[in-house]
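Notes for the one structure printed next.
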Amino acid sequence: MVTVSLGVLVSGRGSNLQAIIDAINGGKLNAAIRIVISNKKDAYALERAKKAGIKTIFIDPKDFLSWQDYEQQMVSQLKANGVELVILAGFMRILTPYFVNAYKDRILNIHPALLPSFPGLHAQQQALEYGVKVTGITVHVVDEGMDTGRIILQRVVDVLSNDTVKSLSERMLRIEHQVYPEAIALYCK
Ligand code: GRF
């Protein structure tokens, strides 16, 4: 079976990155992470990647005149490292059509809601404020819209009557860690 070359974009703690690393090491996902790119210098995700022996780069947005120049640098790093599929794992920037077209149908994202409900930021808070009884996780292909691309996998999570944003987010995160590697494997297949 073919081993798919992944590039992971991160901005923060990187727990989903860790889940993907663990799935690869545990033989559940036939892929290799060629590079982890962060737009934040202090992202803990970079430490996780280094510990796993994965190449990392911090690309400082301050070094670029525009976001498009920044994206060009990301694309050239991804291509130089042979990346076939880009995984957004807590990458806190919207990608422009330039990037989306450079990796057309080859960018995946995980979103903590059952899309098309509650797109954008603070999805768990949006779910609690609306009062839904179930929410969930969506892994989707990234297109030019905000959380609008083709859905690969979804999983339902119950909202409990005493849930807070913190308790719901924590419970959902554990499910995210199962769902993301599973969805990547499915998409690669
Ligand atoms: C996750 O909740 C994910 O759904 C969202 O950003 C968060 C990233 O968390 N897109 P982590 O950095 O993977 O721990």
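For ligands, and for the atoms within them, numbers begin at 1 and follow the listed sequence.
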message = Between D22 and Q18, does the side-chain hydrogen bond (donor to acceptor under 3.5 Å, both in side chains) criterion hold? Intermediate values first, please.
response = CA-CA 6 Å; D22 294 347; Q18 189 66 56; 3.1 Å; yes

ask   = Taking all non-hydrogen atoms of both residues, which atom of Y103 and which atom of I107 are closest, and how far apart?
value = O-CG1, 3.4 Å

message = Looking only at distances, can you tell me whether any N or O atom of Q124, backbone or side chain, sits closer than 3.5 Å to an N or O atom of ligand 1?
response = no

inquiry  = For ligand 1, which is the ligand I care about here, please tell me if H111 has any N or O atom under 3.5 Å from one of the ligand's N or O atoms.
reply    = no

key: N or O contact, G90 vs ligand 1, cut-off under 3.5 Å   = no

remark   = Note: ligand 1 atoms sitting under 4.0 Å from heavy atoms of P112 are 4 (O)

remark   = re atom 10 (N) of ligand 1, the protein heavy-atom contact at minimum distance is I110 O, 3.0 Å

ask   = How far is atom 1 (C) of ligand 1 from its nearest protein heavy atom, and which residue and atom name does that atom have?
value = E176 OE1, 3.1 Å

query = With the 4.5 Å side-chain cut-off for hydrophobic clustering, are F64 and F99 part of the same group?
reply = yes

Side-chain donor or acceptor of Y180 paired with backbone N/O of I87 under 3.5 Å = no

inquiry  = Strictly by salt bridge (Lys or Arg N to Asp or Glu O under 4.0 Å), give each pair with a member in residues 168-178 just once, sequence neighbours left out.
reply    = D163-R171, K166-E170

query = Should N16 be counted as touching ligand 1, given the test is an N or O pair under 3.5 Å?
reply = yes

query = Has ligand 1 got any nitrogen or oxygen that is less than 3.5 angstrom from a nitrogen or oxygen of L17?
reply = no

request  = Measure M172 to ligand 1 on non-hydrogen atoms and call it side chain, backbone, both or neither using the 4.0 Å cut-off.
outcome  = neither

key: R48 to L17 - nearest heavy-atom pair and separation   = CB-CD2, 4.4 Å

ask   = Are any of the side-chain heavy atoms of Y187 and R150 separated by less than 4.5 Å?
value = yes

query = Which of the atoms of ligand 1 are close to G14, meaning less than 4.0 Å from one of its heavy atoms?
reply = 11 (P), 12 (O), 13 (O), 14 (O)

query = Among protein heavy atoms, which sits nearest to atom 7 (C) of ligand 1, and what does the distance come to when rounded to 0.1 Å?
reply = R13 NH2, 4.2 Å

query = Do L114 and V157 share a hydrophobic cluster (ILVMFWY, side-chain heavy atoms under 4.5 Å, transitive)?
reply = no

